[in-house]
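Before any comments, here is the structure.
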Amino acid sequence: MDFNVKKLVGDAGTAISRLVQLTEEKLGTSERTELDSHFENLLERSDATKMWTEKLLKNTEAVLTPNPGYRVEDFLFEKIEKKRPNRLTNLEYLGLDMMEAGNVFGSSSPYGSALIKVGQIEQKLGTTEREYIGAVNQSYIMPLRKFLDGEMKTIMKERSILENKRIDLDSCKNKLRKARSIQGQQAAERELRLAQAEFDRQAEITRLLLEGISSSHASHLRCLHEMVQAQANYHAQCHTIMQSLATELANASLGKSSAPAAPQPSVATMVLGNEPRGKARVLCDYQANDSTELSLMADEVVVMVDDDPADAEYVIAQRGSQRGKVPRVFLEIIS
């Protein structure tokens, strides 16, 4: 108990002495030991490395996990050393909804079957995205976080110790200047030599740690290359998957339009077509994609001649002497 009380009193005295020294430095009544320019440059590079590494880490995590709630949850699971929950990606959720909608609309209908097919691809993209997130986390995020939690914390701790040693050294210099008696000067000189030795030793330790940041930068560069490669692979896989899907959908649509039982009608065939079946109001503007279609304006009334034999989602409509294909969803039957 006595030892603890003495230690507490000693620590309090040291803290008060350092506070007094800092106050005198701010007031300009005491000199401050300056570090050499090389050491100052190392300190500036250390501060910049810490700041930008934290910012890069935060932004990379935000890109990979846009939901801030999920990031907080992952952080808590990491702190309590438990496995992160397996979540579906947004693409996988979209794929599930598309597949469910396709089944509701009918898997045999053109729209329903396309929804199911696209939903399956969206799920595949989601799986690819999860693998990409895992690769970036392993190759880039974890090394940066390890650097901040390990090497950078050690550097900041040693820098704090160095600052305390510097304050003690300046305090000893101040005592020597104020000493009046020979004995006081001798005692102050002994304290100064001891403080100078401790300061020099701590400065060397801190310098070696600061110079090690160059090796950390080289390591982070390798991690950056790995992240870029993972990102390039991910986008290449996504491009290949989507190109395959687009080709498959186009072939399916082409197969329907070129079937013998449902030939694509020409403009001449449509002009000589069937008798009118009723009238319909145009719900919104529609721009024709080719010469077989009819451009429409909202609220105008057209005559429906017949169903399009090539595509059940289209009808053949007539406006004056003009005829062409029109999507059903753009029309509201009025008679």
Report task. Answer with yes or no whether the side chains of Glu293 and Tyr286 bring together a donor and an acceptor at under 3.5 Å. Result -> yes

Query raised in the report: Can Ser214 and Arg45 be said to form a side chain to side chain donor-acceptor pair (under 3.5 Å), step by step?
Result: CA-CA 10 Å; Ser214 298; Arg45 187 176 64 164; 2.9 Å; yes

**Report entry** Check: Thr206 and Phe39 side chains under 4.5 Å, non-hydrogen atoms
**Finding:** yes

Query raised in the report: Can you name the side-chain contact (heavy atoms from CB on, under 4.5 Å) partners of Arg193, sequence neighbours left out?
Result: Glu189, Arg190

Requested in this report: Would you name the heavy atoms of Ile133 and Leu64 that are closest together and state the gap between them?
Outcome: CD1-O, 3.5 Å

Query - Between Glu40 and Ser37: side-chain donor-acceptor atoms closer than 3.5 Å - result: no

Report task. Would you give the length of the straight line joining atom NZ of Lys153 to atom CD1 of Ile155, rounded to the nearest 0.5 angstrom? Result -> 13.5 Å

Report summary line: Those residues at least two apart in sequence (or on a different chain) that pass ring pair (Phe, Tyr, Trp, His ring centres under 6.0 Å) with Tyr314 are none

Report summary line: Residues at least two apart in sequence or cross-chain that pass side-chain contact (heavy atoms from CB on, under 4.5 Å) with Ala101, listed by chain then number, are Phe105, Leu115

Query - Minimum heavy-atom distance between Ser295 and Glu300, given as atom pair plus value - result: O-OE2, 4.4 Å

Query - Taking every non-hydrogen atom, the tightest pair across Arg207 and Leu42 - result: CG-CD1, 4.0 Å

Query raised in the report: Hey, any chance Val136 and Met142 share a hydrophobic cluster, counting ILVMFWY side chains that come within less than 4.5 Å of each other, even indirectly?
Result: no

Query - CE (Met297) with more than 12 external heavy atoms under 6.0 Å - result: no

Query - Partner of Lys165 by salt bridge (charged side-chain N to carboxylate O under 4.0 Å, His left out), out of Glu158, Glu204, Glu198 - result: Glu198

Report summary line: Separation between CD (Glu122) and CG (Leu91), nearest 0.5 Å, reads 5.5 Å

Query raised in the report: Should Thr89 and Glu92 be marked as a side chain to side chain donor-acceptor pair (under 3.5 Å) after you check the CA-CA gap, both sets of side-chain angles, and the distance that decides it?
Result: CA-CA 5 Å; Thr89 63; Glu92 288 174 310; 3.3 Å; yes

Query raised in the report: Can you find a pair of side-chain heavy atoms, one from Ile121 and one from Ile241, that are under 4.5 Å apart?
Result: yes

Query raised in the report: Between Thr33 and Lys173, is any pair of side-chain heavy atoms under 4.5 Å apart?
Result: yes

Report task. Decide yes or no for Ser139 and Cys223: does some side-chain heavy atom of the first lie under 4.5 Å from some side-chain heavy atom of the second? Result -> no

Query raised in the report: Would a 4.5 Å heavy-atom cut-off, applied to side chains only, mark Lys279 and Val302 as touching?
Result: no

Query raised in the report: What distance do Asp170 atom CG and Lys175 atom NZ have between them, rounded to the nearest 0.5 Å?
Result: 12.5 Å

Query raised in the report: Once you round to the nearest 0.5 Å, how far does CG of Leu169 lie from CD of Glu191?
Result: 11.5 Å

Query - N/O donor-acceptor pair under 3.5 Å between Thr65 side chain and Ala62 backbone - result: no

Query raised in the report: Is the shortest heavy-atom distance from the side chain of Leu294 to the side chain of Gln322 under 4.5 Å?
Result: yes

Report task. Given side chain to side chain donor-acceptor pair (under 3.5 Å), test Asn233 with Gln229 step by step and report yes or no. Result -> CA-CA 6 Å; Asn233 293 339; Gln229 187 60 51; 3.0 Å; yes

Requested in this report: For the residue pair Leu57 and Arg145, establish whether any side-chain heavy-atom pair is separated by less than 4.5 Å.
Outcome: yes

Report task. Indicate yes or no for a side-chain donor-acceptor contact from Thr127 to the backbone of Gln123 under 3.5 Å, with no hydrogens or angles considered. Result -> yes

**Report entry** Donor-acceptor contact present, side-chain Ser244 to main-chain Thr240, <3.5 Å
**Finding:** no

Requested in this report: Check whether more than 12 heavy atoms from other residues, nucleotides or ligands sit under 6.0 Å from atom CZ of Arg159, and answer yes or no.
Outcome: yes

Query raised in the report: Cluster question for you: counting only ILVMFWY and a side-chain heavy-atom cut-off of under 4.5 Å, with indirect links fine, are Leu94 and Met242 together?
Result: yes

Report task. Identify whether Leu249 and Tyr111 are in the same connected component of the hydrophobic contact network (ILVMFWY, side-chain heavy atoms under 4.5 Å). Result -> yes

Query raised in the report: Hey, is CG on Asp47 packed in by over 12 heavy atoms from elsewhere, all under 6.0 Å?
Result: yes

Query raised in the report: For the side chain of Arg180 and the backbone of Lys178, is there at least one donor-acceptor N/O pair under 3.5 Å apart?
Result: yes

Query raised in the report: From Leu148 CG over to Thr49 OG1, what is the distance, rounded to the nearest 0.5 angstrom?
Result: 10.0 Å

Query raised in the report: If Ile, Leu, Val, Met, Phe, Trp and Tyr residues are connected whenever their side-chain heavy atoms lie under 4.5 Å apart, and connections chain through other members, are Leu43 and Phe199 in the same group?
Result: yes

Report task. Side-chain contact test, heavy atoms from C-beta onward, threshold under 4.5 Å: evaluate it for Gln318 versus Arg323 and give yes or no. Result -> yes

Query raised in the report: Considering all heavy atoms of both residues, which atom of Ala195 and which atom of Cys172 are nearest to each other, and what is their separation?
Result: CB-SG, 3.8 Å

Query - Stepwise side-chain contact (heavy atoms from CB on, under 4.5 Å) check, Tyr93 with Leu88 - result: CA-CA 7 Å; Tyr93 279 120; Leu88 295 179; 3.7 Å; yes

Requested in this report: Not counting sequence neighbours, which residues clear side-chain contact (heavy atoms from CB on, under 4.5 Å) with Ile182? List them please.
Outcome: Gln186

Query - Side-chain donor or acceptor of Ser113 paired with backbone N/O of Pro110 under 3.5 Å - result: yes

Query raised in the report: Closest heavy-atom contact between Leu209 and Glu151?
Result: O-OE2, 4.4 Å

Query - Hydrophobic cluster membership, Val118 vs Val104, 4.5 Å side-chain cutoff - result: yes

Requested in this report: Say whether, by atom type as modelled, one donor and one acceptor occur between the side chain of Ser160 and the main chain of Met156 under 3.5 angstrom.
Outcome: no

Query raised in the report: Which residues satisfy the ring pair (Phe, Tyr, Trp, His ring centres under 6.0 Å) test with Tyr234, sequence neighbours excluded?
Result: Tyr132

Requested in this report: Compare every heavy atom of Ser46 with every heavy atom of Leu210, then report the nearest pair and how far apart it is.
Outcome: CD2-CB, 3.5 Å

Query raised in the report: CD of Gln138: more than 12 outside heavy atoms within 6.0 angstrom?
Result: no

Report summary line: Sorted by chain and residue number, the side-chain contact (heavy atoms from CB on, under 4.5 Å) partners of Asn59 (sequence neighbours excluded) come out as Lys55

Query raised in the report: From Phe147 CZ over to Ser216 OG, what is the distance, rounded to the nearest 0.5 angstrom?
Result: 4.5 Å

